[in-house]
Structures are given as C-alpha cells and as structure tokens.
There are 2 protein chains.
Amino acid sequence: ELVALTEQLFSPVKNLQGLRITITAGPTREAIDPVRYISNHSSGKMGFALAQAAAAMGAKVTLISGPVQLATPAGVTRIDVQSAEQMHQAALSAAVQSDIFIGCAAVADYRVAEIAADKLKKGAEAEMQLTLVKNPDIIAAVAALPQQRPFTVGFAAETRNVLEYARQKLLNKRLDMICANDVSASDRGFNSDDNALSVIWRGGELDLPKAPKQQLATQLITLISEHYKN
Amino acid sequence: ELVALTEQLFSPVKNLQGLRITITAGPTREAIDPVRYISNHSSGKMGFALAQAAAAMGAKVTLISGPVQLATPAGVTRIDVQSAEQMHQAALSAAVQSDIFIGCAAVADYRVAEIAADKLKKGAEAEMQLTLVKNPDIIAAVAALPQQRPFTVGFAAETRNVLEYARQKLLNKRLDMICANDVSASDRGFNSDDNALSVIWRGGELDLPKAPKQQLATQLITLISEHYKN
C-alpha cells in the first residue's frame, strides 16, 4: 500500500486515465493427468511489470495470468487461469471491453489431446506417445475481432531468427505491434529481471536495449499508447 | 536462524545423532525444448518437512530437490536438480553414503526422447506426436544396490487403488517401507500444507491421519528410524 502510494506520487503524468488495457502474462499449464502437465519457463515478470506501469500511468488494467509466483500490482484487476483454453476465454471477454490488448503470456501452442482422469500408470513399454492438439491462437483471435477490436500488441519469444519470425507474426496475425525478445540468453527474457525488446509495427521498428523489466515496461506502455492515439 | 534455534531448543531428544539420511523432494522437469517442459504438481513441502524433522532430531541430512519455491531447512545439505536423470545421479551418489534413503520426490516416469535445441515452431498440422522414453527408476535402483544399500523408503502418490498400488510397489521394487498418499483430494497431498499417509512395510501397516505436513514428518521420521534400528 505504502509502496504503491509512493510510486504514484513519483509516477510520470497520469496520461492514460480512462484507457482500458488488458494484459496476459505468465505461462499456461496443459494437464496430462491429475498430477502431470506441460508448461514453459515464463515467469510472468514482464507482463506484471507492464500491468504495474500501465496502472501507475492511470490506465484501468485487467491482468489475465497463468500460474506464477507474483503479487498483483496495486490497482490492477487480476484473473487467474491455468490452461490456454481458459486464457482464451478470459482474454476474448476482456478484449472486447478494452482499448488496448497486450498478449505477453507464453501460451502453450499445443495441449494434450485427451486428459486422463486418473494418474497414468507406467507401463512395461520403454516408449510412449503423447498426442497433442493445437490450442486456440489467442492473439490472432483478438486481432481478428470483427467489432470492438482493441489495438493489439503481441510478443514473440524466440531462440533464433528472432526479428524475422516476429515480422512474419506481425503480418500473419494482423497485429498492430509486436515485441520480439531473444530467450536464448540467460541474462534476459524468461525468469530474468532484465529484458531487451525489439518493437516492430507496420511503419517502423524501435530497439529497447537491455534494462530492468519495470523500466522497459514504462517505455513500452508509453510507446504503445502513442501509437494507439495516432 | 532464530526460528531454527528455537525449534532445536524445543525439539525432542536428538536420538538420530550420527545417522545419515538422504531425502529426495519436489517434482522433476523434463525439457521439451529450451522453453517448454513436462512437470507435475509436487510442491516439495512433504520432502522438505521430512528433511527439517530429521535434522531437528540430530540426523545428518542431504536433501536432493527438484525445482521448488521453498527455503532450505536449517542444518540440511541441499542439492538442486532439474531432470529425473540428474536426480538419479545425485541420489545414487548420496545413497551409498547413507543409512536411510527416503524417495519423496515426484520423479517423472518419462522424459522427451529428443530435446529440441531451438524452440519448436508451431506447424500447420492440427496434431503432433511427442515421443517419450522411460526414465530410470531411482527408488528401485537404490533398493537394488548390491553394496552399501541404505534402508529404503518410497512414496506412492496415487489417485485411486492407493493401498493396492502401494503394496505392489513395496514388493516389486524391494523397498523396506512405503508411504501411500491419495493426491485426488485437494485438502491434502500435492501443494497442500496437510497430508495423510498410510505407511506399509512387510510386517504391517500404520495409518497416519490428516495433519500438518511438519507434524506428520516428525511422526514418519520416528517410525522410519525405529524400523531401521530393528
């Protein structure tokens, strides 16, 4: 409470007042059976930093989060989900009531085709096949909304050809903006407190060099809100 | 430090002095590619509670832990691992120097056959097959040690036929003792602060009813050390 108050006293001009921003964060968990799951190394730190920055600048923020170990930033409405399908539902409901949608979550591309009701027993076979099916593409679904479509910002976490993949994703999914980051370096990206981003839109690109995620978040929210207004 | 000191002052007689106990705890993580993995819901709380109880009773404790969000109990030597293969190596090294080995970790039965060096790209296909191969059976390997075999205690976390599966496991893996718990109830087992255990050995069984994990841990360490001495 005190920290939040202090941050607000020292925050930049609250020029996002009245703006509704929805942000997704963290990993998703795709159940295999009651005890096992598939997930990824996303810590949720970048998405939570964006939510905190946007709220501090006066925006009305909804944060849809997968399973993470992070406290909810002051003034932010948080919705917790586990699977990509749950995040998809929550995201579409929130997106149509938002001016800006930022998809920062590392959503699982695939889920297990059939979730076992009981814990799978280890069989005699040395190998086993797990059949996976494609999850809904949340950011593409938001960007394709025929009505009440928010300004849509995606993330591309890659280990190689980072910019190339990000530019393709911007065009293929009809996003307004995409933030590319290289998660192969251990000193930034997933689980790190620092990050570096290349922000790409149809008319240009901007590199945000390596910095603490909270500092980067304020820069990125400022950049997004400028493009939203133009 | 102060908490640990207070606990020691009020701890029961330190009748495990000189005893070397190795405990495994938490889940393992089996990499799919640099960002994705398979894991399970084990929080590590039961294994960490056992380590704390054993150390408080004077034992020399080695705790081999998968990725968890828990502090190391006072006086305990902790070894962090990620995958089942890493845990297998660490466990066998420690087991041959131990009097008692307690396998409390929820070790993945299978790992991914080939870990991708770069993040897998989502293809055009609606389905995808993930080939899994069997992991080493750590507790069975410890129980089968031809020399320097410790008194070996396993855990069986099941969602149905709990006691039946546990009795089979005790015999098949030639364990000295097994602790069965039902992880289908959300008020105990994985991630909960409470647990209930059925402890089974060749000559008998004992139910330890639902209690805080730390209390249960002291009861269980006492029971194990009594059977070890006889």
Side-chain angles (χ1 to χ4, degrees), chain A residues 27-42 67-70 82 106-113 116-135 137 140 156-162 165 168-169 172 182-186 189-191, chain B residues 27-42 67-69 82 106-113 116-135 137 140 156-162 165 168-169 172 181-186 189-191:
Chain A
T28 64
R29 272 190 194 164
E30 308 300 320
I32 298 174
D33 65 20
V35 301
R36 303 176 176 99
Y37 60 81
I38 297 177
S39 192
N40 64 64
H41 291 293
S42 169
V68 297
Q69 304 276 342
L70 296 172
Q82 293 277 325
V107 183
D109 289 332
Y110 293 89
R111 68 178 179 279
V112 176
D118 280 300
K119 187 183 170 190
L120 293 169
K121 302 300 295 176
K122 181 159 57 171
E125 315 75 37
E127 280 200 1
M128 129 171 203
Q129 296 289 329
L130 201 58
T131 303
L132 307 177
V133 295
K134 224 176 241 185
N135 268 327
D137 189 329
E158 303 289 350
T159 56
R160 63 189 187 89
N161 303 336
V162 179
Y165 284 139
Q168 280 172 16
K169 219 165 164 175
N172 294 345
D182 186 337
V183 291
S184 66
S186 65
F190 284 3
N191 253 318
Chain B
T28 63
R29 273 190 193 164
E30 308 300 321
I32 298 174
D33 65 19
V35 301
R36 302 176 177 101
Y37 61 81
I38 297 177
S39 192
N40 64 64
H41 292 292
S42 171
V68 296
Q69 305 276 340
Q82 293 277 326
V107 182
D109 288 331
Y110 293 88
R111 66 178 180 278
V112 176
D118 280 302
K119 186 182 170 190
L120 293 169
K121 302 301 296 175
K122 182 158 56 169
E125 315 75 38
E127 279 200 2
M128 121 169 212
Q129 297 288 329
L130 200 59
T131 303
L132 307 177
V133 294
K134 226 177 238 183
N135 268 327
D137 188 329
E158 302 291 349
T159 56
R160 61 187 189 90
N161 302 338
V162 179
Y165 284 141
Q168 281 172 14
K169 219 166 166 175
N172 294 344
N181 64 327
D182 186 338
V183 291
S184 66
S186 66
F190 284 2
N191 253 318

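Just so it is clear, the values below take in all heavy atoms, side chains as well, and ignore hydrogens, waters and symmetry mates. By convention in this document, chain letters (A, B, ...) are assigned in the order of the sequence lines, proteins followed by strands, and residues within each chain are numbered from 1.
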To the nearest 0.5 Å, what is the distance between [atom1] ([X]) and [atom2] ([Y])?
{"X": "A:Lys134", "Y": "B:Met128", "atom1": "NZ", "atom2": "CE", "answer": "11.0 Å"}
{"X": "A:Thr159", "Y": "B:Asp33", "atom1": "OG1", "atom2": "CG", "answer": "7.5 Å"}
{"X": "B:Ser39", "Y": "A:Ile32", "atom1": "OG", "atom2": "CD1", "answer": "9.5 Å"}

Open item on the list: Counting C-beta onward and ignoring hydrogens, is there a side-chain heavy-atom pair between B:Asp137 and A:Lys122 closer than 4.5 Å?
Closed with: yes
Open item on the list: Would you say that A:Leu132 contacts B:Gln129 through its side chain, given a criterion of any heavy-atom pair below 4.5 Å between the two side chains?
Closed with: no
Task: Contacting moiety of A:Tyr110, where chain B heavy atoms sit under 4.5 Å - done: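 Side chain only.
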Open item on the list: Looking only at heavy atoms and a cut-off of under 4.5 Å, which of B:Ile38, B:Val133, B:Val35 has the most pairs with chain A?
Closed with: B:Val35
Open item on the list: Can you tell me which of B:Arg36, B:Lys121, B:Arg29 forms the most heavy-atom pairs within a distance under 4.5 Å of chain A?
Closed with: B:Lys121
Open item on the list: Given heavy-atom pairs under 4.5 angstrom as the criterion, report whether the side chain, backbone, both or neither of B:Gln69 touches chain A.
Closed with: side chain
